[in-house]
Structures are given as C-alpha cells and as structure tokens.
Number of protein chains: 2
Amino acid sequence: MAEPAGLQARKKLAAMHRIQNAALDLFDEHGFDAVTVEAVAEAAEASPRTVYRYFGTKEMLVIWDEEDEPAVSPIVEQLIGDDPIGALRRAMRGGFAALGEDELRLMRRRVRLIYSSPSLETALLLNASEKSHSIAAAVASARGDDFEAQVFVHALISGLIGAMRHWYLSGFATPLSELVDRALTVLEHGFSPPER
Amino acid sequence: MAEPAGLQARKKLAAMHRIQNAALDLFDEHGFDAVTVEAVAEAAEASPRTVYRYFGTKEMLVIWDEEDEPAVSPIVEQLIGDDPIGALRRAMRGGFAALGEDELRLMRRRVRLIYSSPSLETALLLNASEKSHSIAAAVASARGDDFEAQVFVHALISGLIGAMRHWYLSGFATPLSELVDRALTVLEHGFSPPER
DNA sequence: TGCCAATTGGCAGTCACTGCCTATACTGTG
DNA sequence: CACAGTATAGGCAGTGACTGCCAATTGGCA
C-alpha cells in the first residue's frame with residue numbers, strides 16, 4: 001500500500017473517500033432513495049458535477065470499493081491451479097482473517113444499505129457481473145476453455161453473492177467467512193446427489 | 001394454454017404484446033437508449049402512463065416474457081428430486097425442442113438487444129436474481145437446507161445466463177440447447193479437479 | 001513568474017418515473 | 001335493459017438522476 005502515484009491522484013482518492021463517507025452517513029440516516037446526490041455533494045463540500053465525474057452513478061457511491069480492482073488478479077491466480085476451489089477457500093480464509101473490526105463494520109454497513117434498496121442490489125449485480133467477465137476472461141486464457149470458464153466463474157461469483165445475501169438476511173449472525181466456506185463446498189461438489 | 005381468465009385480463013395481455021412489439025421494433029431500429037418511452041407509447045397507441053403501469057420500467061419492455069412466471073414451478077419440480085441437474089437437463093431439452101423458429105428468432109432478437117445496452121443487461125440480472133430468490137425459497141422449503149439451496153440456485157441461474165451470454169458473443173453459432181447442456185455438466189460435476 | 005494542460009464548477013436541458021385527479025370503460029345487480 | 005360500483009386508462013405537473021458545454025480554477029513545469 002501507500003504508493004506515491006502522483007500528488008493529483010492522491011487528492012482525488014482522498015476526495016472520493018470523503019464523498020463516500022458523507023454519502024453513507026446520509027443514506028444510513030434517511031435511506032438511499034430519500035437522499036439526493038446534490039445533498040451528498042453539499043455534505044462533502046463538492047459540486048454534484050464532480051460527484052458524478054468520480055462515481056458515475058448514485059449507486060456507485062455505495063458499491064465502489066478501493067480494493068476491488070486489485071483483488072481481481074489474486075483471485076485469478078487461485079482459479080488457474082489444479083484445485084481452484086480449495087485454493088480460493090484458503091485465500092479467502094486468509095483474507096477474512098486479515099480484516100479488522102472496522103473493515104467488517106463498514107462491510108456490514110454497506111451490505112445492509114445494498115439490500116435495503118432494489119436499485120443498489122441491481123448495481124451490485126452489475127458490478128459483480130463485470131468482475132466475473134474480467135476474471136473469466138483471464139481464467140479462460142490460462143486454461144483454454146472459454147465456455148467452461150465463463151459458466152463456472154459466473155456461477156461461483158453468484159453463489160458467493162448468495163452467501164452474502166444470506167449473511168444479511170440472518171442479521172449477520174453467522175460469520176461471513178464461515179458462510180463463504182460452506183458456499184464453496186456446495187460449488188465444489190456440485191449438486192448431483194442430495195447426499196443425505 | 002388459452003385460458004379464459006376474464007375479458008379484461010385478455011385485453012391487457014394483448015395490449016402488452018402490442019406495446020412490446022412496437023418497442024422492440026423501435027429499439028432495433030434506433031437503439032435502446034435513443035428511443036424514449038413516449039415514442040414507444042405513441043407507436044403502440046397507448047399513453048406513456050399506461051406503458052409504465054404495465055411494465056414498470058423501460059427495460060422491462062425488453063425483459064418481460066409472458067412465459068416467465070409459469071416457468072418457475074416446473075423448474076422447482078425438477079430441482080427437488082434425487083437428480084436435480086439431470087432432471088433439469090431433460091426438462092430443458094424438451095423445452096428447447098418445443099420451440100418454433102419464430103420463438104427462437106424472438107429470443108435472439110431480445111438477447112441481442114439486451115447485450116447491446118448496459119442498462120438492459122442490468123435489468124436482466126435483477127430479473128434473474130428475483131427469479132432465483134423465489135425458486136430457491138421453494139426448493140429450500142422442500143429440501144430443508146435454506147443456505148445450500150440459495151447458493152446453488154443462484155449459481156445455477158447465473159451459470160445459465162453465462163451460457164446465454166456466450167451464445168450471443170459467438171454470434172448464435174452453437175445452438176442454445178447445446179450450450180445449456182454443457183453448462184449443466186459444468187455445474188453438475190463441480191469444478192474441483194480440472195479433469196483433463 | 002508565467003504558460004500549458006488538466007480538473008472543477010455552474011448552467012441548462014433531457015428523460016425516466018411517480019402521485020394525483022378525472023374520465024372512461026367493464027361487471028355484476030334490480 | 002338500465003344502473004350503480006369498481007377497476008382501469010389518460011392527462012398533468014413535478015422530482016431528480018444524469019449529460020454536454022463552457023468558463024473558471026488549479027496544478028505542473030520550464
């Protein structure tokens with residue numbers, strides 16, 4: 001972390017965090033639909049035009065995650081080996097263990113928000129779908145089979161989102177790491193025999 | 001088919017078809033984004049207000065499918081047995097075989113449109129997600145395991161959409177029925193060993 | 001310090017979508 | 001066959017997300 005990356009880029013990133021925080025505060029308090037982008041801009045001391053330039057849509061104020069982009073290639077790394085699900089499982093265990101309480105709180109906050117508004121859920125799905133495409137393309141070029149990779153990666157990501165949704169619906173009772181683990185087990189063995 | 005279902009409901013359904021056809025024509029000709037709902041309404045000789053009352057959103061003019069709702073319970077039927085993927089595969093083979101050339105043409109038309117506009121792809125994903133929820137809920141109540149059903153059904157539907165997307169990207173070269181078949185094979189066996 | 005490029009802000013416009021009220025069918029009764 | 005009662009369509013006005021365009025500002029660099 002902490003790359004120099006140009007002074008200008010730094011300021012932009014700082015502004016994005018400031019705007020996202022202001023947005024989450026307002027959305028938590030009044031609900032996503034009841035807050036206008038103009039109100040967010042004012043609270044973050046930026047112009048609405050700038051908010052749109054940075055985030056594109058109102059939904060992205062919630063969906064956007066600085067860590068998303070760099071997370072793609074590690075995931076691809078896991079998937080191209082001999083035991084993709086196993087490798088992914090180990091990687092995710094490690095990832096969850098590294099999360100602090102603050103990060104988890106932020107995650108719960110964003111997930112709660114997402115499932116409280118259909119337009120946010122929609123945006124999450126689109127975002128995930130785009131990620132799936134880029135991951136699948138990378139996996140396909142490493143493994144050779146385009147079709148199989150597309151289907152599998154889409155199913156995988158969607159299954160994980162299902163786990164996340166379950167996490168939310170159960171009031172965040174079960175730790176997300178455990179749910180992800182169980183989801184991966186379902187995806188690993190397939191569903192052919194009900195096995196019970 | 002051909003249930004009486006009340007004269008009023010009939011007229012509504014006929015109007016929906018008229019409006020959807022007008023919309024698809026205009027979208028094909030000028031592109032989804034370049035056509036306003038008002039233009040669709042005018043072409044279909046309805047008021048914009050009515051278009052919204054019937055379809056809810058502009059995207060639903062493309063996504064809506066009369067057969068979607070009644071298709072849910074048969075799918076659930078297949079999934080609660082001992083060999084869910086196998087049963088689903090057989091059911092889908094039969095379903096595809098029953099499709100006429102007209103239906104296939106309409107399908108290709110809609111799919112082409114969907115993947116030509118991000119907002120339509122988004123709407124498709126949301127629609128599929130809602131279907132997944134209702135299917136998963138039904139499967140869960142029959143099988144007992146809520147979490148497993150959620151994850152599996154979401155992954156399944158998403159994998160099938162991946163197959164559909166591949167169908168589009170390959171210029172509809174391979175028959176969709178074959179792609180669905182192959183997708184189900186991927187989902188059936190899971191992905192643990194690369195097995196090759 | 002002064003020039004060039006990039007970034008930001010303000011303005012006006014488009015269009016999806018909604019609530020509300022009126023008009024107009026449709027449905028089942030006397 | 002008329003007639004009340006109800007559901008459905010249309011019109012109107014408003015909100016707010018989002019965009020293109022131009023002017024102002026800021027930062028980078030000689």
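Atom set for the values below is all heavy atoms of this structure, side chains included, hydrogens, waters and symmetry mates excluded. A, B, ... follow the sequence lines: proteins, then strands. Residue 1 opens every chain.
Distance from the side chain of Tyr54(B) is smallest for dT8(D) among the nucleotides dT8(D), dG11(D), dG16(D).
Distance CG (Leu61(A)) to C1' (dG16(D)): 14 Å, rounded to an integer number of Å. Atom CG in Asp33(A) sits roughly 11 Å away from atom C1' in dG16(D) (whole-Å rounding). One atom, CD1 of Ile19(B), and another, C1' of dG10(D), lie 13 Å apart when rounded to the nearest Å. Residue Lys12(B) contributes atom NZ, which lies 15 Å from atom P of dC26(C) at whole-angstrom precision. Atom CZ of Arg53(B) is separated from atom P of dA7(D) by 14 Å (rounded to the nearest Å). Rounded to whole angstrom, the span from the CD atom of Glu42(B) across to the C1' atom of dG10(D) amounts to 15 Å. The nearest whole Å value for the distance from the CZ atom in Arg10(B) to the P atom in dA7(D) is 22 Å. In this structure, His30(A) places its NE2 atom 14 Å from P of dG16(D), rounding to the nearest Å.
Between Lys11(A) and dG27(D) there is a side-chain N or O to OP1 or OP2 distance below 4.0 Å.
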Just the atom pairs and distances: protein N or O near nucleotides 18-20 of chain D's N or O, under 3.5 Å.
residue : atom : partner  : partner atom : Å
dC18(D) : OP2  : Lys58(A) : N            : 2.7
dG20(D) : N7   : Arg49(A) : NH2          : 2.9
dG20(D) : O6   : Arg49(A) : NE           : 2.7

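The residues Lys12(A) and Glu66(A) are annotated as not salt-bridged, no charged nitrogen and carboxylate oxygen being separated by less than 4.0 angstrom. Salt-bridge formation is detected for the pair Asp25(B)/Arg109(B): a Lys NZ or Arg NE/NH1/NH2 atom is positioned less than 4.0 Å from an Asp or Glu carboxylate oxygen.
Nucleic acid contact for Val35(A): sugar-phosphate only, since backbone atoms but no base atoms lie under 4.0 Å from a heavy atom of the residue. As judged by a 4.0 angstrom heavy-atom cut-off over every strand, Phe55(A) is placed among residues making no nucleic acid contact.
Residue pairs meeting the side-chain hydrogen bond (donor to acceptor under 3.5 Å, both in side chains) criterion with at least one partner in residues 68-81 of chain B, sequence neighbours excluded, are Asp68(B)-Lys131(B).
Contact between Ala128(A) and Ile157(A) at its shortest, heavy atoms only, is CB-CG2, 4.0 Å.
Leu24(B) is listed as a side-chain neighbour of Val62(B), based on a closest heavy-atom distance under 4.5 Å.
Using a 30° and 60° split on the angle between ring planes, Trp167(A) and Phe172(A) fall in the perpendicular class, above 60°.
Arg165(B) and His133(A) share a donor-acceptor pair across their side chains, judged by distance under 3.5 Å alone.
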